[in-house]
Protein chains: 2
Amino acid sequence: MAVIKKATIRDVAAKAGVALGTVSRVLNDHPSVTPQARRAVREAIEALGYERDAVAGSLRNARTRMVACAIRDFDIPAFASYVKAAEAVFREAGYTLLLASTSNEKDVELSLLRSFAQRRVEGVMMTMSDEADVELAQGIASASMPIVLIDREMMTNVDRVMADHEDGADQATSHLLALGHRRIGMIVGDPAAYPSRSRIAGYRRTHDRHGVQVEERLIRNHVLSNEVAFRETTTLLSGDNRPTALFVAAVDMLPGTLRAIRAAQMVPGRDIGIVAGSDSDLAELGSPPISALSWDRGEMGRHAAEMLIERIRDKKPRPARCVRLPVALIVRDSAGRSNADQALK
Amino acid sequence: MAVIKKATIRDVAAKAGVALGTVSRVLNDHPSVTPQARRAVREAIEALGYERDAVAGSLRNARTRMVACAIRDFDIPAFASYVKAAEAVFREAGYTLLLASTSNEKDVELSLLRSFAQRRVEGVMMTMSDEADVELAQGIASASMPIVLIDREMMTNVDRVMADHEDGADQATSHLLALGHRRIGMIVGDPAAYPSRSRIAGYRRTHDRHGVQVEERLIRNHVLSNEVAFRETTTLLSGDNRPTALFVAAVDMLPGTLRAIRAAQMVPGRDIGIVAGSDSDLAELGSPPISALSWDRGEMGRHAAEMLIERIRDKKPRPARCVRLPVALIVRDSAGRSNADQALK
DNA sequence: ATTAGTCAATGAACCGGTTCCAAATTATCT
DNA sequence: AGATAATTTGGAACCGGTTCATTGACTAAT
């Protein structure tokens with residue numbers, strides 16, 4: 001924590017015996033500087049320990065070289081993976097990342113959007129709690145910087161990166177139906193936003209295709225924390241006519257579900273079939289290993305970052321783009337098997 | 001993405017019929033403004049949709065209200081937990097968080113430190129790859145903003161927040177020794193930095209106390225990825241005279257270790273005792289549940305954030321502080337048991 | 001030799017806030 | 001009422017870069 005006050009571009013100019021404009025040109029690699037002037041400036045910078053002040057530099061021109069990311073909860077490993085991959089791309093391109101959690105709250109989302117604008121952030125990568133909300137749509141539309149939405153689809157005038165969760169839900173549901181399950185419990189997040197909404201759609205679509213009636217009671221939504229996952233799973237398991245399998249379609253809600261299964265003295269895969277909606281170490285290495293839907297999270301973060309950088313670079317208005325990544329079902333050994341009379345094998 | 005050019009403080013002043021200094025005073029809640037002037041300014045701000053420009057505001061005074069966090073790899077859940085808790089504290093206090101991963105590379109750490117300084121970040125919370133490195137120490141000492149180190153102890157002139165990993169290692173080792181294990185394999189990170197260094201120290205200390213000779217071959221260090229964890233565990237398990245238990249003392253390296261155990265056709269807890277150095281869903285919910293060391297990660301992030309904010313607020317030089325959080329061993333069912341002739345029960 | 005053209009360098013103006021001194025206004029005290 | 005003190009207000013200067021019109025030097029073309 002030294003307290004020397006820093007040298008300015010004028011100090012450098014004086015030391016090098018050139019005008020301050022020349023120093024600026026050297027700093028920005030402008031071509032029209034003679035080698036000797038360039039060298040003199042370089043030496044003066046070295047001698048004075050000069051460091052460019054990014055705040056001052058950003059005042060005149062619009063470029064702050066900062067981008068922001070506002071995500072629901074970034075200690076959810078899946079989200080952390082997006083952000084990590086994105087940050088790497090941003091840093092490579094010379095951008096610094098601002099990060100905030102929104103806790104999926106609309107007010108936080110709006111206030112962050114405002115705060116980012118005040119800081120002249122050049123682009124934003126974010127999730128949105130409610131895709132149908134007018135104020136949020138308005139907030140995004142009136143933002144002065146480009147925005148890329150993560151795992152959202154409705155706002156079609158904004159760039160989006162998403163995984164194909166409806167197809168994933170279809171795969172998971174088909175898998176369970178094929179094993180004979182007819183009552184499949186679903187643990188799912190907030191249907192106001194794409195991932196959960198489309199997972200529910202996929203679940204229904206697949207039931208319809210196989211001519212199986214959906215039992216509404218089995219769809220437990222608004223599960224956004226493991227405490228709620230525990231409660232909802234317990235509810236599902238405690239009634240009579242309990243499901244023979246569970247599709248844990250909310251991201252990172254497997255722990256709460258497994259806790260509830262354990263608390264009910266049941267063994268996953270034997271007493272109840274289970275498919276996780278997002279892959280994790282726990283799914284891979286549990287006993288039994290748990291079948292899970294998987295997509296390339298790094299790819300998702302990288303795509304988002306690249307789209308955003310591209311938008312920032314050429315600001316001509318172009319139609320919004322949408323990248324949809326494939327989801328694959330990794331079959332492990334947890335889906336169980338149910339025959340017509342509902343008894344597990 | 002609207003393209004209206006924004007109103008400035010001068011526009012507001014003109015509209016409200018006051019001087020620009022008065023507008024600034026209203027914005028900053030200075031007391032000496034008459035209620036009517038304040039109201040006129042408020043109305044003008046409303047009418048023009050004025051938004052304060054944080055970049056411009058930070059130019060004259062030093063306050064950018066930004067803090068930065070540079071952490072090894074923030075998709076490691078434990079680290080993400082620190083950052084999330086810290087971010088909440090920072091946001092509450094009006095600070096925006098800049099985030100970057102260092103990949104534990106010295107060059108990245110140094111260059112980030114420089115970049116943060118250029119952006120006039122007011123404080124930094126970070127990990128450091130090598131506590132003994134002179135350049136890094138120099139970089140920190142000469143930084144113009146306060147720094148809080150996460151899980152580091154050697155740089156005693158800097159604020160630090162850490163968990164008591166030596167005591168944790170002692171608990172884990174004692175537990176395994178008490179169960180009869182005499183050859184305890186250790187999977188541990190980079191001994192150049194505190195957590196791993198002190199875990200190794202704890203491991204040795206406990207062995208000494210119990211009069212058990214440490215077998216150097218069993219300490220596998222520099223494990224910073226699950227691929228390496230897999231390899232090192234495989235090495236440990238394949239030699240003859242294999243350990244009867246493993247202490248997975250590197251954070252988040254349990255998955256790789258379990259993969260190796262599984263690949264060796266062994267069952268944790270039955271064929272080999274295991275204690276994890278950091279708790280996780282996988283440890284809690286695996287079969288068998290795996291005993292693990294645990295500490296309050298949220299508390300750690302919060303402490304770091306609070307220390308940093310305090311430093312920023314009163315800049316008088318005070319001696320560096322160090323918060324050391326307790327580590328507890330959560331005993332589950334994975335430690336196994338070994339008797340004198342090395343056969344597992 | 002003169003003119004046109006190219007390239008470097010200069011430094012004032014600018015970005016949009018904050019700060020602070022001096023001036024104006026209002027309140028308080030004899 | 002007049003003097004003095006306290007409070008508001010005005011606006012120039014400032015923060016430290018970037019930009020750009022202008023000048024100066026040098027080269028190529030006529």
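Order of the sequence lines fixes the chain letters, A, B, ..., with proteins taken first and strands second; residue numbering starts at 1 for each chain.
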What is the distance, to the nearest angstrom, from the [atom1] atom on [X] to the [atom2] atom on [N]?
{"X": "A:Asn61", "N": "D:dT19", "atom1": "CG", "atom2": "C1'", "answer": "9 Å"}
{"X": "B:His30", "N": "D:dA6", "atom1": "NE2", "atom2": "P", "answer": "20 Å"}
{"X": "B:Arg65", "N": "C:dG17", "atom1": "CZ", "atom2": "P", "answer": "17 Å"}
{"X": "A:Arg60", "N": "C:dG17", "atom1": "CZ", "atom2": "C1'", "answer": "15 Å"}
{"X": "B:Leu20", "N": "C:dG16", "atom1": "CG", "atom2": "P", "answer": "13 Å"}
{"X": "A:Arg63", "N": "D:dT19", "atom1": "CZ", "atom2": "C1'", "answer": "15 Å"}
{"X": "B:Ile9", "N": "C:dT18", "atom1": "CD1", "atom2": "C1'", "answer": "8 Å"}
{"X": "A:Leu48", "N": "D:dG16", "atom1": "CG", "atom2": "C1'", "answer": "15 Å"}

So what does [X] touch, heavy atoms closer than 4.0 Å: a base, only the sugar-phosphate, or nothing?
{"X": "B:Gly57", "answer": "sugar-phosphate"}
{"X": "B:Ala37", "answer": "sugar-phosphate"}
{"X": "A:Val18", "answer": "sugar-phosphate"}
{"X": "B:Val23", "answer": "nothing"}
{"X": "A:Ser24", "answer": "base"}
{"X": "A:Arg52", "answer": "sugar-phosphate"}

Item to complete: Would you kindly check if the NZ (Lys) or CZ (Arg) of A:Arg297 is within the cone defined by 45 degrees around the ring axis of A:Tyr82 and under 6.0 Å from the six-membered ring centre?
Response: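 A:Arg297 over A:Tyr82 ring: no.
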Worksheet item: In terms of the nearest nucleotide of DNA chain D, which residue is placed more toward the 5' end: B:Ala56 or A:Leu27?
Response: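 Upstream on the strand: B:Ala56.
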Worksheet entry | A:Glu51 or B:Arg10, whichever maps to the more 5' nucleotide of DNA chain D |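 Upstream on the strand: B:Arg10.
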Discussion item. Could you check whether the side chain of B:Arg25 and the base of D:dG10 have a donor-acceptor pair of N or O atoms closer than 3.5 Å, going by distance alone?
Written reply: yes
Practice prompt. Evaluate the side-chain proximity of A:Tyr194 to A:Met154: yes if any heavy-atom separation is below 4.5 Å, no if none is.
Written response: no
Worksheet item: Reckon B:Thr34 has a side-chain N or O less than 4.0 Å from the OP1 or OP2 of D:dT9?
Response: yes
Worksheet item: Any side-chain N or O of B:Asn28 less than 4.0 Å from the OP1 or OP2 oxygen of C:dT18?
Response: yes
Worksheet item: So, B:Lys15 and B:Glu43, do they make that salt bridge, N to O below 4.0 Å?
Response: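 Salt bridge between B:Lys15 and B:Glu43, a charged N being under 4.0 Å from a carboxylate O: no.
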Fill in: CD1-CG distance between B:Ile140 and B:Leu149, expressed to the nearest 0.5 angstrom
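So the CD1 of B:Ile140 and the CG of B:Leu149 are separated by 4.5 Å.
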Worksheet item: Is the backbone of B:Ala192 close enough, under 3.5 Å, to the side chain of B:Asp190 for a donor and an acceptor to pair up by distance?
Response: yes
